[in-house]
Novice: 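Supplied in structure tokens, the structure appears directly below.
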Amino acid sequence: HGYMTIRLWYSSVKPRHQSSRSTVTDDSALLDNLHFIWVTRSATNVLQIAPDLVDQYDKLITAWGRENAAKVCKISIFITDRDGESCSQLKRELSNTSLHKSGCFHFERPNFPQILEDHAINRINDELDDKQTSYSLLAFCGSTHLSSVISEAKLGIDVVTTMVGQKVNMDYVAENYGDFRRVKKVVE
């Protein structure tokens, strides 16, 4: 998982000549918030990585205060592990952490089309003045099927925001792994 995370990070932040971010020359393109979404089938993986996430989030809270930290950094971890005991252990061990208290742990599948729609609505409602454009980077690492679902939802939002004249731009970067379609074997 670490390798794919590093590849996704690299491909997300490396400059691309077609990027809409490269055309922005003023301070309107500064990062004003981050929503990190992690979907995993393993509660055990979350238990291994959570201490580092909690440590970093606690540093943000110390520097900015809980309310401001929540405004600029939202973390959503969706755990789809079917092992009830592993999920219970995760809940017990992380129940007193800042991440748990902020409501970041979800024991269900995410609804990505709804998440993207909510994001677009929030960006529109941020009361951007007429001259300002909202820029978002949507970086995804996962299956080709889920990537297609997210891509379709993103395109639908692009169409709607364009039709209503809102300046909400979203770049989509995807790293896909494991195309699990069965290939027919050729018998000679």
Novice: Using a 3.5 Å distance criterion without hydrogens, assess whether the side chain of His100 forms a donor-acceptor pair with backbone atoms of Ser95.
Specialist: yes

Novice: With clusters defined by side-chain heavy atoms of hydrophobic residues (ILVMFWY) lying less than 4.5 Å apart, directly or transitively, does Ile75 cluster with Trp64?
Specialist: yes

Novice: Would you say Lys154's side chain and Met170's backbone share a donor-acceptor pair under 3.5 angstrom?
Specialist: yes

Novice: Decide whether a cation-pi geometry holds between Lys91 and Phe107; the criteria are a distance under 6.0 Å from NZ or CZ to the six-membered ring centre and an angle within 45° of the ring axis.
Specialist: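 Judged by the rule, Lys91 and Phe107 form a cation-pi pair.
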
Novice: Looking at NZ of Lys101 and CG of Leu99, how far apart are the two atoms once the value is rounded to the nearest 0.5 Å?
Specialist: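 Those atoms lie 11.0 Å apart.
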
Novice: Got a sec: does the CD of Gln114 have more than 12 other heavy atoms crowding it under 6.0 Å?
Specialist: yes

Novice: Does Asp55 use its side chain to pair, donor to acceptor, with the backbone of Pro51 at less than 3.5 Å?
Specialist: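 No: the side chain of Asp55 does not pair with the backbone of Pro51.
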
Novice: So with a 6.0 Å cut-off around NE2 of His106, is the heavy-atom count from everything else above 12?
Specialist: yes

Novice: Enter the distance from Gln89:CD to Arg92:CZ here, rounded to the nearest 0.5 Å.
Specialist: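 Between Gln89 CD and Arg92 CZ, I get 6.0 Å after rounding to 0.5 Å.
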
Novice: Could you walk me through whether Trp38 and Val46 pass side-chain contact (heavy atoms from CB on, under 4.5 Å), step by step?
Specialist: CA-CA 10 Å; Trp38 177 26; Val46 176; 3.9 Å; yes

Novice: So which of Ile150, Ile37, Val173, Ile115 actually passes side-chain contact (heavy atoms from CB on, under 4.5 Å) with Leu138?
Specialist: Ile150

Novice: Under 3.5 Å, side chain of Thr80 to main-chain N/O of Thr40, donor-acceptor pair present?
Specialist: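 Judged by distance alone, yes, a pair lies under 3.5 Å.
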
Novice: Applying a strict under-4.5 Å side-chain criterion to I, L, V, M, F, W and Y, I'd like to know whether Leu116 and Phe36 cluster together.
Specialist: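 Different clusters.
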
Novice: Asp52 and Gln56: side-chain donor and acceptor closer than 3.5 Å?
Specialist: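 No - no donor-acceptor pair under 3.5 Å links their side chains.
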
Novice: Can you list the steps and then say if Glu108 with Phe78 is a side-chain contact (heavy atoms from CB on, under 4.5 Å)?
Specialist: CA-CA 6 Å; Glu108 61 189 359; Phe78 291 87; 4.2 Å; yes

Novice: Please determine whether side-chain contact (heavy atoms from CB on, under 4.5 Å) holds for the pair Ile77 and Leu53, giving the CA-CA distance in whole Å, both sets of side-chain angles, and the decisive distance to 0.1 Å.
Specialist: CA-CA 11 Å; Ile77 301 174; Leu53 289 173; 3.9 Å; yes

Novice: Atom CG in Asp171, atom OG in Ser136: separation rounded to 0.5 Å?
Specialist: 9.0 Å

Novice: Grab the two heavy atoms, one from Asp81 and one from Ala43, that are nearest each other, plus how far apart they are.
Specialist: OD2-N, 3.0 Å

Novice: Check whether any side-chain heavy atom of Val39 sits under 4.5 Å from a side-chain heavy atom of Phe112, and report yes or no.
Specialist: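 The answer is yes; the side chains approach within 4.5 Å.
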
Novice: Which distance, rounded to the nearest 0.5 Å, do you find between the OG of Ser102 and the NZ of Lys74?
Specialist: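 Between atom OG of Ser102 and atom NZ of Lys74 there are 9.5 Å.
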
Novice: Once rounded to the nearest 0.5 Å, what's the spacing between atom CG of Leu90 and atom CZ of Phe105?
Specialist: 5.5 Å

Novice: If you look at every heavy atom in Ser42 and Ile79, which pair is closest and at what distance?
Specialist: C-CG2, 4.5 Å

Novice: When you look at Phe140 and Leu146, which way does the side-chain contact (heavy atoms from CB on, under 4.5 Å) test go after all the steps?
Specialist: CA-CA 9 Å; Phe140 171 78; Leu146 188 51; 3.9 Å; yes

Novice: So which heavy atom on Ile157 is nearest to which on Glu117, and how close?
Specialist: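 Smallest heavy-atom distance, with atoms named: CD1-N, 3.4 Å.
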
Novice: Report whether Tyr172 and Leu155 are members of the same hydrophobic cluster (ILVMFWY, side-chain heavy atoms less than 4.5 Å apart, transitive linking).
Specialist: no

Novice: Checking Ser98 against Asp58: is there a side-chain donor and acceptor pair closer than 3.5 Å?
Specialist: yes

Novice: In Å and rounded to the nearest 0.5 Å, what is the SG to CG distance from Cys87 to Leu47?
Specialist: 9.5 Å

Novice: Is a donor on one side and an acceptor on the other found under 3.5 Å between the side chain of Ser151 and the backbone of Ser147?
Specialist: no

